[in-house]
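Just so we're on the same page: letters track the sequence lines, and every chain starts at 1.
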There are 2 protein chains.
Amino acid sequence: MTRTTPKIQPYSQECSDCPIRHRAVCARCEGEELDALEQIKYYRSFEAGQTVVWAGDKMDFVASVVTGIATLSQTMEDGRRQMVGLLLPSDFAGRPGRETSAYDVTAATDLVMCCFRKKPFEDIMLRTPHIGQRLLEMTLDELDAAREWMLLLGRKTAREKIASLICIIARRDASLQLNAADGALRFDLPLTREAMSEYLGLTLETVSRQMSALRKEGLIMTEGKRQIVIPDFDLLLEETGDDSDGGFLV
Amino acid sequence: MTRTTPKIQPYSQECSDCPIRHRAVCARCEGEELDALEQIKYYRSFEAGQTVVWAGDKMDFVASVVTGIATLSQTMEDGRRQMVGLLLPSDFAGRPGRETSAYDVTAATDLVMCCFRKKPFEDIMLRTPHIGQRLLEMTLDELDAAREWMLLLGRKTAREKIASLICIIARRDASLQLNAADGALRFDLPLTREAMSEYLGLTLETVSRQMSALRKEGLIMTEGKRQIVIPDFDLLLEETGDDSDGGFLV
DNA sequence: CATGTCGTTTGATCTGCATCAAGGCGCGAG
DNA sequence: CTCGCGCCTTGATGCAGATCAAACGACATG
């Protein structure tokens with residue numbers, strides 16, 4: 001199956017056989033239901049840095065990330081910002097039953113979203129209980145991720161935060177990507193130092209310093225702009241402060 | 001309607017007319033559905049400090065807080081702890097479809113929970129879509145609260161954190177409680193300094209110092225053990241760093 | 001009444017990260 | 001080629017909150 005840059009193609013053609021679809025809100029939809037979703041969906045593309053919606057603005061759709069990365073952030077009056085959500089392909093954005101967005105939604109990289117008009121989506125949800133069930137599952141997963149994130153923000157050191165972030169992205173991303181032969185893990189971390197600092201509750205200088213430290217110690221290597229290589233994943237894991245086993249859900 | 005200490009009484013008798021019921025997972029249940037829930041429910045009481053379940057332990061029920069306060073916490077190997085959930089009356093605990101608890105669940109005060117055996121609860125959920133819908137709503141609310149909490153953990157100063165916590169409890173709690181004539185807000189903050197520090201990602205010494213500071217400045221007053229009086233709520237709100245309007249959901 | 005325990009307060013000192021500041025590197029445009 | 005811009009790195013310094021330490025008040029127990 002050849003993949004083309006998504007424009008206005010059926011969701012099913014786009015993702016039906018790929019891992020993304022199996023994690024998305026429509027994971028268990030088939031036949032008629034999928035057709036109904038087709039009717040109300042449309043794609044939107046954004047360039048890295050563009051804002052999808054501002055906190056407080058009207059948001060008349062819900063959406064699912066097809067390619068790229070989106071972030072949810074909150075801003076305080078004086079400009080302090082905290083990222084509160086990181087959406088990778090298959091992740092869901094928007095809240096049924098709410099008019100406006102509670103967060104700034106921003107494209108961290110070039111981004112394609114598959115949007116569903118909200119009102120009809122809600123109607124389909126009511127008719128099709130398993131969409132609601134799937135959404136509940138996804139929301140519970142997100143809540144677990146948020147709680148893991150709270151531990152990171154409240155109790156981890158800068159070094160542990162950086163190591164954790166790299167591991168989190170590696171786990172989510174690398175599963176869809178290539179896995180080098182020598183056991184090293186190669187993937188790209190498509191976040192600026194500033195985005196990382198907003199994720200971690202640090203300043204960008206601290207992020208830069210800690211990245212340099214991990215690099216000097218050989219725990220990570222960087223190639224070119226944002227390619228990261230982890231020679232030994234378990235070694236990096238030990239720097240996260242997490243339990244060696246279990247740990248992250250999602 | 002006289003209230004008695006809950007022992008083994010029907011959920012409906014216990015809460016049908018009180019604000020708790022209207023926020024709980026069974027908010028929209030009636031007749032048969034409520035009867036079905038009656039069949040599978042039982043109360044459990046805990047003393048302040050007791051553990052309801054440990055992270056990783058089997059948890060074969062879901063539950064809703066009737067009276068008292070429960071907390072969800074995560075612990076790192078070296079003992080650092082972060083609270084990730086604070087459950088007040090009507091709040092829901094437990095995840096359908098998961099065998100074990102992901103968090104330590106602890107009684108912060110004397111606590112009564114209304115438990116539903118998990119398997120039958122899941123069955124009822126499948127038969128009764130609006131329970132799932134209600135649970136989705138509640139989970140989305142919790143996710144919003146978690147994200148507000150992340151902003152607090154990542155970006156607020158110790159002083160702002162304390163002020164925020166007091167306002168959060170006051171809003172949730174005071175709505176069920178008395179409201180003094182002179183515009184002052186009186187309620188009890190039934191958390192130890194240690195519990196507060198676990199909530200806020202601080203040490204208990206810092207919590208104590210900041211509480212003293214707010215007291216000296218007259219922003220709060222304390223009466224006896226844990227009674228708190230807020231002479232001017234708006235004044236305290238300004239110390240939270242939040243937008244003056246909107247702000248907390250839930 | 002002395003003794004112990006638990007939660008809390010307060011003081012003295014230390015330190016990890018923020019803040020302020022200056023360059024460096026890659027890249028596209030003129 | 002040079003200039004400017006976006007992003008990143010590194011250095012010097014300061015401070016908020018952690019850590020270590022002591023003692024207090026309330027309350028229970030022998």
(request) Please test A:Ile162 against A:Leu214 for side chain to side chain contact (heavy atoms under 4.5 Å, CB included), starting from the C-alpha separation and ending with a verdict. (result) CA-CA 9 Å; A:Ile162 299 284; A:Leu214 293 179; 3.7 Å; yes
(request) Could you please spell out the steps behind the side-chain hydrogen bond (donor to acceptor under 3.5 Å, both in side chains) verdict for B:Thr106 and B:Asp104? (result) CA-CA 6 Å; B:Thr106 311; B:Asp104 294 335; 5.9 Å; no
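Going from atom CD of A:Glu160 over to atom P of C:dG16 covers 12 Å, rounded to whole Å. B:Glu194 has its CD atom 14 Å from the P atom of C:dT9, to the nearest Å.
Residues passing the salt bridge (charged side-chain N to carboxylate O under 4.0 Å, His left out) test with A:Glu47, sequence neighbours excluded: none.
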Which atom pairs, one a donor and one an acceptor, fall under 3.5 Å between side chains of residues 228-239 of chain B and the rest of the protein, sequence neighbours left out?
residue  : atom : partner  : partner atom : Å
B:Asp232 : OD1  : B:Asp234 : N            : 3.0
B:Asp232 : OD1  : B:Leu235 : N            : 3.3
B:Glu239 : OE1  : B:Arg159 : NE           : 2.8
B:Glu239 : OE1  : B:Arg159 : NH2          : 3.2

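Using a 30° and 60° split on the angle between ring planes, A:Tyr199 and A:Trp149 fall in the parallel class, below 30°.
Residues A:Arg155 and A:Val207 each lie close to DNA chain D; by heavy-atom proximity, the contact nearer the 5' end of the strand is made by A:Val207. In this structure, B:Thr206 and A:Thr192 both approach DNA chain D, and ranking their closest nucleotides by distance from the 5' end singles out A:Thr192. Annotation: of the two residues near DNA chain C, A:Glu205 and A:Arg159, the 5′-most nearest-nucleotide partner is A:Arg159.
Using a 4.0 Å heavy-atom criterion, one finds that A:Gly201 contacts the sugar-phosphate atoms exclusively. Across all strands, B:Leu204 comes closer than 4.0 Å to base atoms (heavy-atom distances).
Screening residues 194-210 of chain A for salt bridge (charged side-chain N to carboxylate O under 4.0 Å, His left out) gives A:Arg81-A:Glu198 as the qualifying pairs, with residues at least two apart or on separate chains.
If you check residues 208-218 of chain A against DNA chain D, the residues with a heavy atom closer than 4.0 Å are A:Ser208, A:Arg209, A:Ser212, A:Arg215, listed by number.
The structure places CG of A:Asp188 at 8.0 Å from CD1 of A:Ile69, a figure rounded to the nearest 0.5 Å.
Side chain of A:Ala158, nearest nucleotide from C:dT19, C:dC17, C:dT8: C:dC17. The listed nucleotides are C:dT19, C:dT8, C:dC17; the one nearest the side chain of B:Arg193 is C:dT8.
Inter-axis angle, ends of the helix from C:dC1-D:dG30 to C:dG30-D:dC1, five pairs per end, rounded to 10 degrees: 20°.
On the nucleic acid side, DNA chain D has its first and last nucleotide under 4.0 Å of a heavy atom of chain B at D:dG17 to D:dC20, going 5' to 3'.
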